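Notes to accompany the following structure.
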2 protein chains.
Amino acid sequence: MEELKYHYKYPHPAVTTDCVIFGFDGVRINVLLIQRGVEPYKDAWAFPGGFLKMDETAEEGARRELEEETGLKNVDVEQFYTFSTVDRDPRERVITIAHYALVRMADVRGGDDAANARWFPYNEIPRLAFDHDRILRKAVSVLKERICFKPIGFELLPEVFTMSELQNLYEAILEVKFDRRNFYNKIRKSGLLIEAGKRPANTPLRVPVKYCFNPEKYAELKHKGFKLEF
Amino acid sequence: MEELKYHYKYPHPAVTTDCVIFGFDGVRINVLLIQRGVEPYKDAWAFPGGFLKMDETAEEGARRELEEETGLKNVDVEQFYTFSTVDRDPRERVITIAHYALVRMADVRGGDDAANARWFPYNEIPRLAFDHDRILRKAVSVLKERICFKPIGFELLPEVFTMSELQNLYEAILEVKFDRRNFYNKIRKSGLLIEAGKRPANTPLRVPVKYCFNPEKYAELKHKGFKLEF
DNA sequence: ACAAAAGTGTTAGGCCTACACCCATGA
DNA sequence: TCATGGGTGTAGGCCTAACACTTTTGT
């Protein structure tokens, strides 16, 4: 029988955190899910997350659960919405503080605890547990807004990358197409990128130029804002 | 002695909602505060808010508390952040889901329950209870961001208003000054405003033209976004 | 040989910014 | 009469959007 050790004068909801983790494979946006091992929604896919401890903030809890369930460490998670629909969990009243983060997909491979963690391309997401589909939709809409005013990519792309990869990333998130030449011009002018190493003199033209982010400019634009057309 | 009627297997934090209510007096942004009548922080000023009930969402709770404490009804509150610092309340672990709303200041006068509710100009805010100064700073920064991409004012200004009043509103929130002529031109071009009634033929020129919002255009720009310089 | 990826500039139009003058009124 | 608030327009610069051709390589 259950031991009910914690007593309050008024009823308290349970509080959880959830993490929507976005990755990019060069073509598509992916989302990291874990398969639930217990009821309710046993075997369904869900975001990493769990009950908040009494001595940790929401962000700390989100990072702890993320590491426990996927092996991902030191991820900058950012809170984006708190879901409080009364019956969103069949067990009891549960409020969840939802976070998102952008990570390099390679960083999650090798996670040992990640046995039942898997990346899903954004348009192949399976049916999710609880109200996690709603959480995902909100996360995507917040991400889309954010990307229009802050530079993005540093956390999602490998150290060095091509202009096309960066453009693919923007196009994948915003679900639009940009003119390749205008995209080049705009990014160049922003000063956000620097060429990563010199192309050897005899590099075939077909091999694209590799870039990396200019960290100072990146930080500056993240702070000041950065306009991208939509 | 206290009756501890609610029992859980694991500890649960308490959950509250808070409302940062912004108003505009034609010149300055104001914030609605209530004076606490009980410990902790008795007599200190704080945002309207309180414990969430088990059968209401955060938004419902925020609206209920707002009405109970200030008489304001039917306000569109919007969640902006959840504060979860471990010791933010001396009584017990309390997490608060913070909301903000924009209202016409006139609507709060006449609130009967509003005996100890008062508007404070933004730069004359007294010392606040709990971590409410932090909540206020976050609310203001979210409001500033939002105002750059969505039209604003419908909820803050009277039915009809002058161009200067609208400009004052933007300047008060963003803490910047715009060139009057450029502001006029920009707003005109956006189609957001319509002239409210005809000026009588012999109106003195000194009396400014009154405008009201074009509701369709307002809704459209709210949805599509709207760029304002900073 | 053909499709696919990459590199590169120009032009026209629109938007942003800065800026000046006039009128009416109330003090 | 002077300070204040209100109304109005323009010119230059910058950014945006649309757009084409060439090279190379893999199939």
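Note that the structure is a prediction, hence the values are computed from the model and not measured. Here is the naming used below: chain letters follow the sequence lines, and residue numbers restart at 1 for every chain.
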Taking CG from B:L166 and P from D:dG6, how many angstroms apart are they, rounded to a whole number?
13 Å
Any chance you could measure A:L166, atom CG, to A:L156, atom CG, to the nearest 0.5 Å?
10.5 Å
Who pairs with A:A44 by side chain to side chain contact (heavy atoms under 4.5 Å, CB included), at least two apart in sequence or on another chain?
A:Y41, A:A129
Taking only side-chain N and O atoms of A:S164, does any of them lie within less than 4.0 angstrom of OP1 or OP2 on C:dA6?
yes
Mind calculating the distance between CG (B:N168) and P (D:dT4) to the nearest angstrom?
16 Å
List in chain and number order the residues that pass side chain to side chain contact (heavy atoms under 4.5 Å, CB included) with B:P158, two or more places apart in sequence or in another chain; answer none if no residue qualifies.
none
Atom CZ of A:F178 to atom C1' of D:dA18: distance rounded to whole Å?
15 Å
Applying ring pair (Phe, Tyr, Trp, His ring centres under 6.0 Å), name anything that partners B:Y184, two or more places apart in sequence or on another chain.
none
Under-3.5 Å N/O pairs linking protein and nucleotides 8-14 of chain C:
unit_1 : atom_1 : unit_2 : atom_2 : d
C:dT8  : OP2    : A:R188 : NH2    : 3.2

So, using ring pair (Phe, Tyr, Trp, His ring centres under 6.0 Å) as the criterion, who are the partners of A:H99 when residues are at least two apart?
none
Identify, with sequence neighbours excluded, every residue that meets side chain to side chain contact (heavy atoms under 4.5 Å, CB included) alongside A:V27.
A:D25
Could you tell me how far apart A:K210 (NZ) and C:dG7 (P) are, to the nearest whole angstrom?
11 Å
When rounded to whole Å, the CZ to C1' distance for the pair A:F183 and D:dC19 reads 19 Å
May I have the distance from A:E165 (atom CD) to C:dA6 (atom C1'), rounded to whole angstrom?
13 Å
Partner residues of A:Q35 under the side chain to side chain contact (heavy atoms under 4.5 Å, CB included) criterion, sequence neighbours left out:
A:D43, A:W45, A:N116
Would you say D:dC15 has OP1 or OP2 under 4.0 Å from some side-chain N or O of A:K186?
no
Would you work out how much the helix from C:dA1-D:dT27 to C:dA27-D:dT1 bends between its ends, with each end axis defined by five base pairs, to 10 degrees?
10°
Apply ring pair (Phe, Tyr, Trp, His ring centres under 6.0 Å) to A:F154 and list each qualifying residue two or more places apart in sequence or on a separate chain.
A:F213, A:Y218
Measure from the side-chain heavy atoms of B:P208 and tell me the nearest of D:dG6, C:dC15, C:dG7.
D:dG6
Does A:E171 reach the main-chain N or O of A:F178 with its side chain, forming a donor-acceptor pair under 3.5 Å?
yes
